[in-house]
Amino acid sequence: MTALGFLSPGPSAADDYPRIEQLLGSDIRLDLVRTDRPAEGVEQLRLAGVEAVVWVCADEGVAPDPDTARNRLRDLATTAGVPASSTPFAFVRAAREIDAMPVAVSASGTPEETARFAEFLRAGGLEVVGDTGAVTDRDAEAGGDEEAALLALARAADDPRARAVLLPDPDLSTAAHLPALEAALGKPVLTASQVAVWEALRLTDRRVHAPELGALFTREPIVQV
């Protein structure tokens, strides 16, 4: 059994993690702890026996520069006693994994928060050709059409040059819609819960083939579960 831990400052699409756990297979467990302070939730995850911890965050996890962010993660890993990462770094590594450069970024936060995240990606070596903040499909939301709202959000920033679209908002429930989003856009879509789980698996040297979770989970070499 591989146990993976996730720390979140908010709802963080809590329903995504049971769904992803089911798709990954019976030998992988995902534990999500909600907390505004990562250090306070680490002890709970440590006692649960997790082998890696990922801080699932949006703007509050984007430090002024990658070095500061790395230092924060180093402290988190020391407290947890296991490897640690965060979703901003996970997005950088996931985009490289699928050779998706340049990328477009669409978030439901403010334009300033989205621009800050895009700058973090650029500092990590990614080319960003489109970024949009605070764009949603109000009609779709009012009708409860989650997939249509996600597609509208993704299309708002998509660019013909982009080889992937990133949706960094950790509160978006996306796991059930990844294949449909990728089919509609004709390119990979990376989301917070998806890359958080992929990053945790990477930290534990696991590769899982789960195409229901998008192109990120169909890369070689793979381990079938």
Residues which pass side-chain hydrogen bond (donor to acceptor under 3.5 Å, both in side chains) with [X], listed by chain and number, not counting sequence neighbours:
X: Glu119; result: Arg122
X: Asp205; result: none
X: Asp75; result: none

If the condition is salt bridge (Lys or Arg N to Asp or Glu O under 4.0 Å), which residues does [X] pass it with, not counting sequence neighbours?
X: Glu40; answer: Arg37
X: Arg163; answer: Asp99
X: Arg46; answer: Glu43

Ring centres under 6.0 angstrom apart (Phe91, Phe117): yes
Ignoring hydrogens, what is the shortest heavy-atom contact between [X] and [Y]? Give both atom names and the distance.
X: Ala118; Y: Val128; answer: O-CG2, 3.8 Å
X: Val56; Y: Ala196; answer: CG2-CB, 4.0 Å
X: Gln194; Y: Gly214; answer: NE2-CA, 4.3 Å
X: Pro211; Y: Pro179; answer: O-CG, 4.5 Å
X: Ala184; Y: Leu151; answer: CB-CD1, 3.7 Å
X: Asp15; Y: Ser173; answer: OD1-OG, 2.8 Å

What distance do [X] atom [atom1] and [Y] atom [atom2] have between them, rounded to the nearest 0.5 Å?
X: Leu23; Y: Ile28; atom1: CG; atom2: CD1; value: 11.0 Å
X: Asp31; Y: Leu7; atom1: CG; atom2: CG; value: 10.5 Å
X: Leu4; Y: Leu32; atom1: CG; atom2: CG; value: 12.0 Å
X: Ser193; Y: Leu167; atom1: OG; atom2: CG; value: 10.0 Å
X: Glu51; Y: Leu203; atom1: CD; atom2: CG; value: 11.0 Å
X: Leu216; Y: Ile98; atom1: CG; atom2: CD1; value: 6.0 Å

Under the side-chain contact (heavy atoms from CB on, under 4.5 Å) test, which residues partner [X], sequence neighbours left out?
X: Arg93; result: Ser85, Phe89, Trp198, Glu199, Arg202
X: Gln22; result: none
X: Ala80; result: Val42, Val53, Val82
X: Asp171; result: Pro11, Ser12, Asp169

Do [X] and [Y] have side chains that approach each other closer than 4.5 Å (heavy atoms only, starting at C-beta)?
X: Arg96; Y: Val92; answer: yes
X: Leu185; Y: Arg155; answer: yes
X: Thr191; Y: Leu172; answer: no
X: Leu24; Y: Val197; answer: yes
X: Arg74; Y: Asn71; answer: yes
X: Ile20; Y: Phe217; answer: no

Would you say the side-chain atoms of [X] pair up with the backbone N or O of [Y], donor to acceptor, closer than 3.5 Å?
X: Ser106; Y: Leu153; answer: yes
X: Asp16; Y: Ala175; answer: yes
X: Glu147; Y: His177; answer: no

With sequence neighbours left out, which residue pairs that include part of residues 16-52 fulfil the ring-ring contact (aromatic ring centres under 6.0 Å, His included) condition?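 As it turns out, the ring-ring contact (aromatic ring centres under 6.0 Å, His included) pairs with a partner in residues 16-52, which skip direct neighbours, are Phe6-Tyr17.
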Hey, could you give me each pair passing salt bridge (charged side-chain N to carboxylate O under 4.0 Å, His left out) that has a residue in residues 173-188? Not counting sequence neighbours.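 Listed by first then second residue: Asp158-Lys187.
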Check the pair Arg207 / Glu97 against salt bridge (Lys or Arg N to Asp or Glu O under 4.0 Å), numbers first and verdict last. CA-CA 12 Å; Arg207 292 271 184 164; Glu97 171 73 8; 2.5 Å; yes
